[in-house]
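Quick notes on the structure that follows.
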Amino acid sequence: MREKITPRSQDYSKWYTEVIRQAELADYAPVRGCMVIRPYGYALWEHVKEGLDRRFKETGHENAYFPLFVPMSLIEKEAQHVEGFAPELAVVTHGGGKELEEPLVVRPTSETVVGYMYSQWIQSYRDLPVLINQWANVVRWELRTRLFLRTMEFLWQEGHTAHATAEEAQEETLRMLEVYADFTINDAAIPVLQGRKSESEKFPGAETSYSIEAMMGDRRALQSGTSHYFGQKFAKAFDIQYQDENGKLQYCWTTSWGMSTRMIGAIIMVHGDDQGLVLPPRLAPIQVVVVPIWKKEEERTVVLEAVETMKAALGACVRLKVDDRDEYSPGWKFNDWELRGVPLRIEIGPRDVAKEQVVLARRDQPGRAGKSFVPLAGITDAVTDALAQVQNDMLKRATEFRDANTHEPADYDSFRDAVAQGFARAWWCGDVTCEDKVKEDTQATTRCIPLDQLEGNGQCIVCGNPASEMTIFGRSY
RNA sequence: CGGGGCGUAGCGCAGCCCGGUUAGCGCGUCUGCUUUGGGAGCAGAAAGUCGGAGGUUCGAAUCCUCUCGCCCCGACCA
């Protein structure tokens with residue numbers, strides 16, 4: 001028998017790890033800080049990928065692949081970029097039994113190789129914009145790791161674009177931020193705040209960084225996607241130039257944006273409960289699980305026949321799994337599929353077959369509250385409606401939770417309380433010393449400066465100086 | 001890198017302080033029978049270089065020295 005999961009209230013991080021391992025999303029690898037993504041976890045990732053990839057294509061992007069190794073000299077071309085990544089680089093110094101003339105960095109991100117290639121591919125304004133995405137793995141030598149949230153190697157997607165004008169590049173940066181928000185809200189059912197990163201939280205080498213920020217079940221923040229505007233910094237470092245309509249040589253304006261397997265961590269922490277995972281229907285590898293129930297052999301035949309009929313009707317429109325394993329009892333299966341977060345469960349036994357109905361149970365509403373009887377005749381509509389309803393309710397619940405834990409403190413004392421319990425939305429002058437003070441006092445950091453700002457001005461919550469922007473503060477992962 | 005915890009069967013642990021012959025327990029696994037509407041029962045079976053190296057001893061999971069690894073908490077980060 002599988003162990004009961006540690007309740008979230010008792011030890012949130014233990015709960016998180018246990019859910020991942022017991023639901024078989026991932027496992028620890030023989031290398032410290034690395035994980036194996038198991039089939040169920042990978043299936044979830046594949047749905048994340050599909051949701052994003054479709055949106056990238058819809059916004060005009062193409063996929064390509066750049067190499068894993070980056071010559072050290074390329075990494076060093078952009079000063080702030082090296083500085084930011086140097087401490088977490090994995091470097092290959094030997095190959096084929098010999099010491100390499102130039103060490104190869106295992107990419108922590110690909111701006112540099114991409115920049116190098118773009119400088120060769122881009123000659124004319126007619127070559128622009130270049131809109132490329134790649135699905136890849138990257139390595140960052142993290143000191144403290146956690147499954148999905150921060151592993152040494154992780155899977156992600158990184159978009160890299162080059163444009164003829166600053167405006168175009170800025171538009172692209174915000175467009176992709178919007179794509180991330182759209183995916184996260186509508187597919188992952190996770191409400192997010194879109195905003196700009198402070199100077200200190202910026203991506204190394206970026207002119208402006210944007211992120212989407214979500215609140216986890218323990219009220220901490222998770223940066224769930226980023227989009228960067230580089231201005232001409234990378235173009236100048238990598239000599240990405242084009243000739244404009246007037247024959248003048250110009251540097252490109254570039255962007256990059258990424259979302260990673262960390263998203264899976266967000267899904268676990270935003271929706272999960274003490275029973276385990278709760279997956280949003282749009283991304284769930286299995287949307288509906290059918291648990292047939294019988295006592296006698298003849299009942300088994302009748303029940304399985306009804307299941308087959310149902311499968312024929314439903315299988316075409318939802319990702320359906322029939323759990324006809326003989327070795328487990330129905331109760332065991334209920335618990336098992338709840339742990340795995342399957343959004344809907346159909347129970348069907350001899351009594352149901354006789355009444356031409358099934359029991360439909362919602363994962364997001366545990367116990368009797370989430371159960372209802374549904375006539376077999378209208379099963380397809382009932383199931384698709386229920387899936388849509390679960391998806392909606394999950395987003396609604398997560399949004400209510402976040403809003404209930406987001407405060408607008410009036411003074412620094414209440415700000416400290418607010419940030420200890422969730423998010424604080426407050427005026428901030430933009431000065432790094434205020435940011436540092438907050439971090440020291442409360443461990444909280446600026447998460448982002450939301451794009452949606454109220455009219456007017458206020459006073460910095462820390463120093464009292466005039467401030468023109470409201471900022472979200474919170475403790476983060 | 002600082003602090004804490006842990007390495008004994010697939011998983012979770014006991015045994016260690018106080019050395020003793022075939023190293024236990026629960027879950028899981030396998031076989032058989034009975035079961036199946038919220039984590040089934042009985043019977044039987046397989047499975048362990050006690051993280052590694054060295055030492056002390058007639059004898060080491062247990063004592064000593066060294067070492068490797070992992071997890072959790074802090075500083076750095078998608």
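The chains referred to below are lettered A, B, ... by the order of the sequence lines, with proteins before strands, and numbering in each begins at 1. Only a predicted model underlies this, so the values are computations on that prediction, with no experimental measurement involved.
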Just checking [X]: base, sugar-phosphate only, or nothing, at a heavy-atom cut-off of under 4.0 Å?
X        : result
A:Ser211 : nothing
A:Val291 : nothing
A:Ser476 : nothing
A:Arg140 : base
A:Leu149 : base

Ring centers of [X], [Y] separated by less than 6.0 Å:
X        : Y        : value
A:Phe148 : A:Trp45  : no
A:Tyr477 : A:Tyr16  : no
A:His160 : A:Tyr118 : no

Without decimals, in angstroms, what is the distance between [X] [atom1] and [N] [atom2]?
X        : N     : atom1 : atom2 : result
A:Trp332 : B:G39 : CH2   : P     : 13 Å
A:Glu338 : B:G38 : CD    : P     : 12 Å
A:Leu147 : B:C71 : CG    : P     : 8 Å
A:Gln357 : B:G37 : CD    : C1'   : 12 Å
A:Glu347 : B:G37 : CD    : P     : 11 Å
A:Asn137 : B:A78 : CG    : P     : 18 Å

Fill in: Residue pair A:Lys197, A:Gln223: steps toward the side chain to side chain donor-acceptor pair (under 3.5 Å) verdict
CA-CA 10 Å; A:Lys197 283 293 194 183; A:Gln223 175 173 310; 2.7 Å; yes
Is it the case that [N] (base atoms only) and [X] (side chain only) share a donor and an acceptor within less than 3.5 Å, ignoring hydrogens and angles?
X        : N     : result
A:Ser260 : B:A78 : yes
A:Arg345 : B:G38 : yes
A:Lys371 : B:G38 : yes

Discussion item. Counting only Watson-Crick pairs (N1-N3 plus N6-O4 or O6-N4) and G-U wobbles (N1-O2, O6-N3), all under 3.5 Å, who is the partner of B:G74?
Written reply: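 Its partner is B:C1.
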Worksheet entry | B:C58 pairs with, by Watson-Crick or G-U criteria that keep both distances under 3.5 Å |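 For B:C58, the partner nucleotide comes out as B:G20, under the 3.5 Å rule.
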[X], nearest nucleotide to its side chain (from [options]):
X        : options             : result
A:Phe334 : B:A40, B:C73, B:G38 : B:G38
A:Thr226 : B:C73, B:U36, B:A78 : B:A78
A:Asn335 : B:U36, B:G38, B:C71 : B:G38
A:Arg32  : B:G38, B:C71, B:G74 : B:C71
A:Pro350 : B:C76, B:G37, B:G39 : B:G37

Practice prompt. Please lay out, stage by stage, how A:Trp332 and A:Phe334 fare under the test ring pair (Phe, Tyr, Trp, His ring centres under 6.0 Å).
Written response: CA-CA 5 Å; A:Trp332 193 93; A:Phe334 295 167; over 10 Å; no
Worksheet entry | Sole candidate of A:Val353, A:Ile348, A:Ile346, A:Val302 that passes side chain to side chain contact (heavy atoms under 4.5 Å, CB included) when paired with A:Val307 |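 Exactly one option meets the side chain to side chain contact (heavy atoms under 4.5 Å, CB included) with A:Val307, and it is A:Ile348.
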Using OP1 and OP2 only, check whether a side-chain N or O of [X] sits under 4.0 Å from [N].
X        : N     : result
A:Thr17  : B:C71 : no
A:Tyr328 : B:G28 : no
A:Lys295 : B:U34 : no

